[in-house]
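These numbers come from a predicted model, not from an experiment. Chain letters run A, B, ... following the sequence lines, proteins first and then strands; every chain starts at 1.
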Number of protein chains: 2
Amino acid sequence: MRHVMVQIPKQAGQPPIESEEAQGPRPVPTSADVARLAGVSRATVSYVLNNTSSVRISEPTRHRVRAAAEELGYVPHAAARSLRAGHSRMVLMPASHVPVGPLFSHFLNELHWALRRLDYTVVQYGSVGMGGDEAARAWAELRPVAVFVPGMLAPGQVEVLKRAGAKAVVTLGPERVAGAHALLMDHREVGRCAGAHLVERGRRRIGVVVPAETGLQVFSEPRLQGVREAAAAAGAEVVPLPLAYTEESAAELAGRWRALGLDGVFAYNDEYAMLLMRALQDAGVEVPGETAVIGADDLLLGRLVRPRLSTVHLKMPSGQVLAELLDRVVRAPGAGPEVHDLLAASMVVRESS
Amino acid sequence: MRHVMVQIPKQAGQPPIESEEAQGPRPVPTSADVARLAGVSRATVSYVLNNTSSVRISEPTRHRVRAAAEELGYVPHAAARSLRAGHSRMVLMPASHVPVGPLFSHFLNELHWALRRLDYTVVQYGSVGMGGDEAARAWAELRPVAVFVPGMLAPGQVEVLKRAGAKAVVTLGPERVAGAHALLMDHREVGRCAGAHLVERGRRRIGVVVPAETGLQVFSEPRLQGVREAAAAAGAEVVPLPLAYTEESAAELAGRWRALGLDGVFAYNDEYAMLLMRALQDAGVEVPGETAVIGADDLLLGRLVRPRLSTVHLKMPSGQVLAELLDRVVRAPGAGPEVHDLLAASMVVRESS
DNA sequence: TTGAAAGCGTTACCAT
DNA sequence: ATGGTAACGCTTTCAA
């Protein structure tokens with residue numbers, strides 16, 4: 001069948017014969033082309049291809065139209081369609097290529113499925129290297145019906161999006177933004193959880209790993225803050241520990257461990273924790289005897305090391321829930337902003353603490 | 001400033017006064033609104049806002065137009081714009097939410113940056129739960145100038161995209177697709193690399209972990225095939241080993257290890273390798289003495305376990321390179337399909353093999 | 001320097 | 001049952 005499509009333009013001779021084999025980019029077929037080929041009007045084509053029920057088209061005509069569309073390889077033009085319709089069902093999400101964990105990946109996957117079932121189209125828009133306002137404008141140009149932003153947003157940016165017709169703007173982050181619906185994920189809770197556990201075990205000088213990698217501060221800063229809060233309540237000290245995700249950096253940190261005099265450390269997440277724990281062991285620091293180590297994210301790999309890694313388990317919201325929130329808000333844009341507190345953190349105590 | 005925006009429509013009296021505070025969704029401002037407010041024509045608005053150099057607009061006018069746009073919160077309508085222009089600079093990429101590793105993440109990030117610098121817009125389109133043809137149609141509706149597909153594509157799908165105006169269709173996968181440019185990443189090479197290493201070390205009955213998780217077959221199948229090829233050349237046996245990414249599954253497999261009589265195993269990647277290696281050790285199987293274990297991806301974590309994990313290091317293509325390929329093809333669509341062989345795999349021998 | 005008007009691909013309404 | 005036509009928001013000649 002494709003052979004036909006390829007050969008038609010050459011043999012049809014419809015376009016003035018161009019430089020023989022200059023397969024000059026054939027124009028993209030439009031519904032008008034389909035109409036012409038089928039010998040009907042553009043309106044009829046639209047009716048047939050969209051199965052419009054309010055109008056009756058004879059079966060032979062339907063067939064002719066379908067055949068013509070097939071033959072030309074006609075595909076409707078989404079931009080023209082939504083321009084005409086005055087709205088789209090696009091849910092826009094900035095594509096953040098920060099190293100997201102499997103938890104978040106799974107959440108996104110769920111979200112995609114749930115939204116698709118509600119007949120929305122999810123589009124991730126790359127906005128690397130744009131300032132916040134610039135990015136918001138770029139998103140607004142696409143006229144999405146809803147925007148889902150993992151991360152923060154300035155109130156002005158929310159306003160830009162709403163002015164552009166976005167019925168729902170939902171953020172997923174540490175605090176709510178004026179005008180937007182919010183899924184709160186306060187990472188301080190993660191730090192609090194870890195900190196509380198450590199002080200409860202009698203640790204009094206607690207290190208907190210702060211990844212040197214950029215883009216992680218969004219999470220690391222609140223987590224550090226959470227540990228601070230938990231420690232303050234018990235009169236314990238907190239020491240931030242910058243650490244890059246390399247063996248060298250970990251070895252360097254472990255090398256001056258005794259000088260730091262720490263008896264516990266919250267290592268940002270399981271990966272940094274495993275890295276640091278290995279370096280500590282190699283430097284002769286006993287875990288958990290001399291120093292307790294805990295991570296976060298509850299990775300499977302953390303269970304495989306010895307001692308088994310204690311960790312903070314995070315429960316991500318279900319994509320289902322977010323999809324329903326989006327849909328509800330899109331359908332009833334009048335209602336006030338909803339705020340959901342969604343981060344549930346709990347200690348998983350294993351052997352390293 | 002926003003206060004002004006809110007009040008304008010009420011005072012203009014253009015819409016019939018609705019129920020007082022029913023902040024009924026104000027219509028999205030168009031360039032016509034801007035023109036009206038600034039007291040100029042739509043053409044002038046377009047000239048000013050796009051900095052059209054071929055026409056001179058007086059400074060006071062420019063200022064009035066800009067102020068009006070600002071006041072209304074005007075943002076151009078991307079669909080209308082590209083509809084009129086007849087083309088877009090959208091590079092479409094299906095959003096695959098298969099658990100991709102940090103390698104691929106990094107590659108995507110590079111790609112985004114490089115394309116942005118070339119003034120393209122990257123859009124990831126979620127096509128979960130669509131058949132291949134259905135997905136291709138959905139992509140074609142967006143009229144992207146280029147499509148980048150990590151994974152396979154049927155030749156018919158390529159044709160649909162090209163008919164819809166896509167100047168470049170590039171796949172990243174194990175084999176080339178008719179009509180499309182190809183970045184070849186033949187994962188058999190990974191398996192070959194691992195297999196060759198194992199037989200060279202004298203292993204004769206080699207297990208190959210095949211993840212039970214769906215969505216990974218695209219990689220696991222060719223990797224298995226590669227090991228088979230390497231083993232066949234040396235007269236060694238190959239045994240596929242289904243394994244889910246859970247401790248239970250690993251323990252179960254390790255429990256019947258002796259019965260399997262394997263002296264080497266390629267565990268798909270480092271994560272599965274670490275999982276299996278721990279289970280083997282817990283079951284009393286000595287690594288590498290009794291069984292050699294190797295992974296792939298060269299994760300940092302693999303260096304932290306004991307024995308240190310031998311692994312296959314993969315070198316992903318640079319996003320830069322792909323971006324340049326895309327741009328080149330978009331600008332000169334006539335040229336024949338380019339095929340680049342991009343997967344470089346090499347053994348990193350550590351202690352587990 | 002500015003404005004009027006055509007046209008991009010689609011669909012909804014109103015005539016036939 | 002089918003076709004003509006207008007309109008969606010924008011850019012770009014062409015005229016004034």
Figure out the [atom1]/[atom2] separation between [X] and [N], and round it to whole Å.
| X | N | atom1 | atom2 | answer |
| --- | --- | --- | --- | --- |
| A:R64 | D:dG3 | CZ | C1' | 13 Å |
| A:L49 | C:dA12 | CG | P | 13 Å |
| B:E141 | C:dC8 | CD | P | 20 Å |
| A:H77 | D:dG9 | NE2 | C1' | 13 Å |
| B:R56 | C:dT1 | CZ | P | 7 Å |
| A:R163 | D:dG9 | CZ | P | 13 Å |
| B:Y74 | D:dC10 | OH | P | 3 Å |
| A:R36 | C:dT10 | CZ | P | 12 Å |

Return the set of residues passing side-chain hydrogen bond (donor to acceptor under 3.5 Å, both in side chains) with B:R117 (not counting sequence neighbours), or none when no residue passes.
-> none

If the cut-off is 4.0 Å, is [X] near the phosphate of [N], judged by side-chain N/O to OP1 or OP2?
| X | N | answer |
| --- | --- | --- |
| A:T61 | D:dT2 | yes |
| A:S58 | D:dA1 | no |
| A:T44 | D:dG3 | yes |

Please figure out whether B:A43 or A:S31 has its closest DNA chain C nucleotide nearer the 5' end.
-> B:A43

Taking for B:V40 and for A:A32 the nucleotide of DNA chain C with the nearest heavy atom, the one nearer the 5' end belongs to B:V40

For [X], answer base if it contacts any base atom (sugar-phosphate contacts may also be present), sugar-phosphate if it contacts only those atoms, and nothing otherwise; contact means non-hydrogen atoms under 4.0 Å.
| X | result |
| --- | --- |
| A:I57 | sugar-phosphate |
| A:V55 | base |
| B:S46 | base |

Select from B:Y47 and B:A79 the residue whose nearest nucleotide in DNA chain D is closer to the 5' end of that strand.
-> B:A79

Taking the minimum atom-to-atom distance to the side chain of [X], which one of [options] wins?
| X | options | value |
| --- | --- | --- |
| A:N50 | D:dC10, C:dG9, C:dT11 | C:dT11 |
| A:A80 | C:dT10, D:dG9, D:dA1 | C:dT10 |
| B:R81 | D:dT11, D:dG9, D:dA7 | D:dT11 |
| B:R42 | D:dC10, C:dG9, C:dA12 | D:dC10 |
| A:R84 | D:dT2, D:dG9, C:dT10 | C:dT10 |
| A:R143 | C:dT2, C:dT10, D:dC10 | D:dC10 |
| A:S41 | D:dG3, C:dT1, D:dC10 | D:dG3 |

Below 4.5 Å, heavy atoms only, C-beta onward: do [X] and [Y] meet side chain to side chain?
| X | Y | answer |
| --- | --- | --- |
| A:L111 | A:F148 | yes |
| A:R62 | A:E59 | yes |
| B:M93 | A:Q124 | no |

Kindly determine whether A:Q157 and A:V149 satisfy side chain to side chain contact (heavy atoms under 4.5 Å, CB included), including the steps that lead there.
-> CA-CA 11 Å; A:Q157 300 173 14; A:V149 184; over 6 Å; no

Is A:D133 salt-bridged to A:R137, cutoff N-O under 4.0 Å?
-> no

